[in-house]
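One structure is given below, encoded as structure tokens.
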Amino acid sequence: MDIRAVNTLSYEEFVDIFGNVVERCPLIAAAVWSRRPFSTFPDLEASIAEFIDNLPVSGQEGILRCHPDLAGRDLFSGSLTPESRGEQTQAGLASLTPAEESRMRRLNAEYKDRFGFPFVICARMNDRESIVQRLSERLGSDPAEELRRAVEEVKKICHLRLRDI
Ligand SMILES: NC(=O)N[C@H]1NC(=O)NC1=O
């Protein structure tokens, strides 16, 4: 799709196409539609990033809470969005050993307890080993720094999803 075509979309069409570039947050696409025309795809991406950056902390945490756990129950029950399923599968998370799976589950739960939102990382820029490693490392982060880092990961996921479109 080219940017001129994007600029002619109604908001319903725009939300249909871009509603999941940030996982389960169609509100973001609905909001940035009013900033068109976009000169390029990076311009659209920058509008999304700016919208996210201008949210209060509760809004940014809300975005993170819309993300499914990595290698969590949703992956095995089939209730993920197609985008998330593809990303998690590509990173090897659909084929963890039972021991790796239970380690992920334990670390994810510990992370949520500590920060109040799920661990978010751009799965396609990682593999199963680096995901577990980052998760263990980030468990020790300062909460404000961790929120900032998690939001940057949301933007990386968004970047790749926009590129797919
Ligand atoms: N929890 C989490 O990071 N989930 C996301 N990461 C990613 O690459 N796709 C997702 O759904």
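Order of listing sets the numbers, starting from 1, for every ligand and every atom in it. Numbers here simply count residues along the sequence, with the first being 1. These numbers come from a predicted model, not from an experiment.
In this structure a side-chain-to-backbone donor-acceptor pair under 3.5 Å is present from Gln60 to Ile52. Between the side chain of Thr89 and the backbone N or O of Arg85, at least one donor-acceptor pair lies under 3.5 Å.
Close N/O approach between Phe119 and ligand 1 is found [any backbone or side-chain N/O within under 3.5 Å]. In terms of N/O distances under 3.5 Å, ligand 1 is not approached by Glu23.
The Cys122 neighbourhood of ligand 1 comprises atoms 8 (O), with distances under 4.0 Å to a heavy atom of that residue.
The pair Glu100-Arg103 does not meet the salt-bridge criterion, since no charged nitrogen lies less than 4.0 angstrom from a carboxylate oxygen. Glu152 has no carboxylate O lying under 4.0 Å from a charged side-chain N of Arg149, or vice versa, which leaves the two without a salt bridge.
Of the protein's non-hydrogen atoms, Ala123 N, 2.8 Å is the one closest to atom 8 (O) of ligand 1. The shortest contact between atom 11 (O) of ligand 1 and any protein heavy atom is with Ser84 OG, 2.6 Å. The nearest heavy-atom contact from the protein to atom 9 (N) of ligand 1 is Glu87 OE1, 2.6 Å. Summary of contacts: the protein heavy atom closest to atom 6 (N) of ligand 1 is Ile121 O, 2.8 Å.
Nearest heavy-atom pair, Gln88 versus Leu75, reported as atom, atom and distance to 0.1 Å: OE1-CD2, 3.7 Å.
Counting heavy atoms under 4.0 Å from ligand 1, residue Val120 touches it through both backbone and side chain. In Ala91, neither the side chain nor the backbone holds a heavy atom less than 4.0 Å from any atom of ligand 1.
At a 4.0 Å cut-off, not a single heavy atom of Pro118 sits close enough to ligand 1 to count as contact.
Relative to the six-membered ring of Trp33, Arg36 meets both conditions, a distance below 6.0 Å and an angle of at most 45° to the axis.
One finds the CG atom of Leu80 at 5.0 Å from the CG atom of Asp74 (value rounded to the nearest 0.5 Å).
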